[in-house]
Amino acid sequence: MSKTSSFSWQLIRDSMDGYEPERLAKVLRAYLEPRVPPGTRKLTDEQRKDMAKHIQHLLNENLPAWYTETGVYLGNESMGGYCWCHSFFNQRPTPNMRVQDNIQLMINALEQRRAWLFKLDAVYQSLREGLPSEPGDDDIRVLALADGMVEVLQITMDATGCEESWYVFADRALGWMFDALALRPGYQAGKLMNKLFAFESWHSPPDEELRESAEKVATAVVEDEGRRAHRKH
């Protein structure tokens, strides 16, 4: 399992509450309106590339960790379907030269990314509140963790459509889940995740296979916890 971010899930989650799309739209308008005045019929590829590069810089400057530390950048078509080549003043069959319409496409794509993160957080919170922790609860703990992993992966499959490299977001979502639960999968669990959750672009795993893999990983995680607790005593 890859390292997801230098930020903890809680810091990412906290950063989601202060998002103001209207303020961001104002920043984007201030940059775009002088460069694409009313009546503009066409932009050159070079103009679009230069503006897109600056817009990406503005997004990184004006959006917090939920955008900058999660990989959900605009232009990553696995998440939200926004493409700088075809969504930014270059729609097909007829490019839309209205600044506000193009800003709204960006705002909509950002909202899709936030929706994915909020859905993940709802699963993480539910697990935190319901995950049993008493001695002898290992079997129930395994099932609860497996349920959580399946739900996290299903949410991510729905959000990405299992398009190219969707598994990168699946990996991150699982990493955030363990971080949110203050769990540290050990070597065996990590090895199993790398093997059983080795997903492919354009393909979703069969439901039964996904469930079976999640239960194997959850078992390894719980066993790792048990060994760690035993060593402490």
Side-chain angles (χ1 to χ4, degrees), residues 2 4-5 7 12-13 15-37 40-121 152-173 176 199-204:
S2 64
T4 57
S5 168
F7 276 64
I12 291 169
R13 174 61 186 86
S15 76
M16 291 161 63
D17 290 329
Y19 174 55
E20 297 179 28
E22 298 82 6
R23 188 185 70 81
L24 178 63
K26 184 177 179 181
V27 170
L28 299 179
R29 270 196 305 274
Y31 173 74
L32 289 171
E33 284 180 343
R35 290 163 178 81
V36 192
T40 300
R41 298 177 65 84
K42 188 177 181 180
L43 296 170
T44 67
D45 288 345
E46 196 60 38
Q47 285 175 310
R48 286 192 307 100
K49 287 178 183 176
D50 287 346
M51 289 194 303
K53 189 178 293 185
H54 193 82
I55 290 292
Q56 291 172 64
H57 178 70
L58 289 175
L59 291 172
N60 286 328
E61 270 194 340
N62 288 275
L63 290 174
W66 69 261
Y67 181 80
T68 60
E69 299 297 327
T70 61
V72 296
Y73 306 114
L74 286 190
N76 188 327
E77 294 179 66
S78 293
M79 183 66 65
Y82 190 89
C83 167
W84 291 109
C85 294
H86 300 111
S87 303
F88 187 68
F89 293 99
N90 199 34
Q91 297 82 3
R92 302 293 173 85
T94 305
N96 184 338
M97 292 292 110
R98 294 189 65 226
V99 167
Q100 185 54 41
D101 290 349
N102 279 274
I103 290 174
Q104 193 59 51
L105 285 175
M106 288 184 263
I107 297 297
N108 291 346
L110 290 170
E111 194 51 45
Q112 285 180 285
R113 288 150 168 73
R114 274 167 46 82
W116 173 61
L117 295 170
F118 274 119
K119 287 177 182 177
L120 291 178
D121 187 60
V152 162
L153 290 171
Q154 189 59 62
I155 288 169
T156 303
M157 286 188 278
D158 291 344
T160 62
C162 295
E163 293 193 14
E164 187 171 358
S165 300
W166 74 273
Y167 47 81
V168 173
F169 289 109
D171 184 62
R172 287 173 180 161
W176 294 327
F199 305 125
E200 298 179 359
S201 298
W202 316 111
H203 294 284
S204 60

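These numbers come from the heavy atoms of this one structure, side chains and all, not from hydrogens, waters or symmetry mates.
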Look at the side chain of Thr160 and the backbone N and O of Met79, then say whether any donor-acceptor pair between them is shorter than 3.5 Å.
->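 Absent.
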Test item: Arg172 side-chain N/O and Thr70 main-chain N/O as donor-acceptor pair under 3.5 Å |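 Indeed, once roles are kept as given, a pair shorter than 3.5 Å links the two residues.
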So, for [X] and [Y], which heavy atoms are closest and what is the spacing to 0.1 Å?
X: Pro93; Y: Pro95; value: O-CD, 3.9 Å
X: Thr156; Y: Ala170; value: CG2-N, 3.7 Å
X: Ser78; Y: Ser165; value: OG-C, 4.1 Å
X: Ser15; Y: Pro64; value: O-CG, 3.5 Å

Verdict with reasoning, Phe199 to Met157, per side chain to side chain contact (heavy atoms under 4.5 Å, CB included) | CA-CA 11 Å; Phe199 305 125; Met157 286 188 278; over 6 Å; no
Should [X] and [Y] count as side-chain neighbours, where that means a heavy-atom distance under 4.5 Å?
X: Asp121; Y: Met16; result: no
X: Phe88; Y: Leu74; result: no
X: Asn90; Y: Arg92; result: yes
X: Arg23; Y: Lys26; result: no
X: Val99; Y: Leu28; result: no
X: Met97; Y: Arg41; result: no

Specify whether Tyr31 and His54 have parallel, tilted or perpendicular ring planes, treating 30° as the upper limit for parallel and 60° as the lower limit for perpendicular.
->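 Plane angle under 30°, so parallel.
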Taking ring-ring contact (aromatic ring centres under 6.0 Å, His included) as the test, write out the residues that go with Phe118, two or more places apart.
->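 Here no residue qualifies.
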What pairs meet the salt bridge (Lys or Arg N to Asp or Glu O under 4.0 Å) rule with one or both residues in residues 106-118, with sequence neighbours excluded?
->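 Output for this query lists Glu111-Arg114.
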Evaluate side chain to side chain contact (heavy atoms under 4.5 Å, CB included) for Met51 paired with Val36, printing each intermediate quantity in order.
-> CA-CA 10 Å; Met51 289 194 303; Val36 192; 3.9 Å; yes
Scan the side chains in residues 102-110 for donor-acceptor partners under 3.5 Å anywhere in the protein, sequence neighbours excluded, and list what turns up.
{"residue": "Asn102", "atom": "OD1", "partner": "Phe89", "partner atom": "N", "Å": "2.8"}
{"residue": "Asn102", "atom": "OD1", "partner": "Gln91", "partner atom": "NE2", "Å": "2.9"}
{"residue": "Asn102", "atom": "ND2", "partner": "Asn96", "partner atom": "O", "Å": "2.8"}
{"residue": "Asn102", "atom": "ND2", "partner": "Arg98", "partner atom": "O", "Å": "2.9"}
{"residue": "Gln104", "atom": "NE2", "partner": "Asn108", "partner atom": "OD1", "Å": "2.9"}
{"residue": "Asn108", "atom": "ND2", "partner": "Gln104", "partner atom": "O", "Å": "3.3"}

Answer yes if the side chains of Gln154 and Asp158 hold a donor-acceptor pair under 3.5 Å, and no otherwise.
->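 Note: Gln154 and Asp158 side chains meet the donor-acceptor criterion.
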Got a second to check how far [X]'s [atom1] is from [Y]'s [atom2], nearest 0.5 Å?
X: Phe169; Y: Leu117; atom1: CZ; atom2: CG; answer: 9.0 Å
X: Thr68; Y: Tyr73; atom1: OG1; atom2: OH; answer: 6.5 Å
X: Asn60; Y: Tyr67; atom1: CG; atom2: OH; answer: 5.5 Å
X: Cys162; Y: Leu153; atom1: SG; atom2: CG; answer: 9.5 Å
X: His57; Y: Asn62; atom1: NE2; atom2: CG; answer: 9.0 Å
X: Trp202; Y: Glu164; atom1: CH2; atom2: CD; answer: 5.5 Å

Does the side chain to side chain contact (heavy atoms under 4.5 Å, CB included) test come out yes or no for Leu58 and Leu24, once each step is laid out?
-> CA-CA 9 Å; Leu58 289 175; Leu24 178 63; over 6 Å; no
For the pair Asp50 and Lys53, evaluate salt bridge (Lys or Arg N to Asp or Glu O under 4.0 Å) and give the outcome as yes or no after the intermediate values.
-> CA-CA 5 Å; Asp50 287 346; Lys53 189 178 293 185; 5.4 Å; no
Might you work through the ring-ring contact (aromatic ring centres under 6.0 Å, His included) test for Trp116 and Trp176, ending with a clear yes or no?
-> CA-CA 13 Å; Trp116 173 61; Trp176 294 327; 5.8 Å; yes
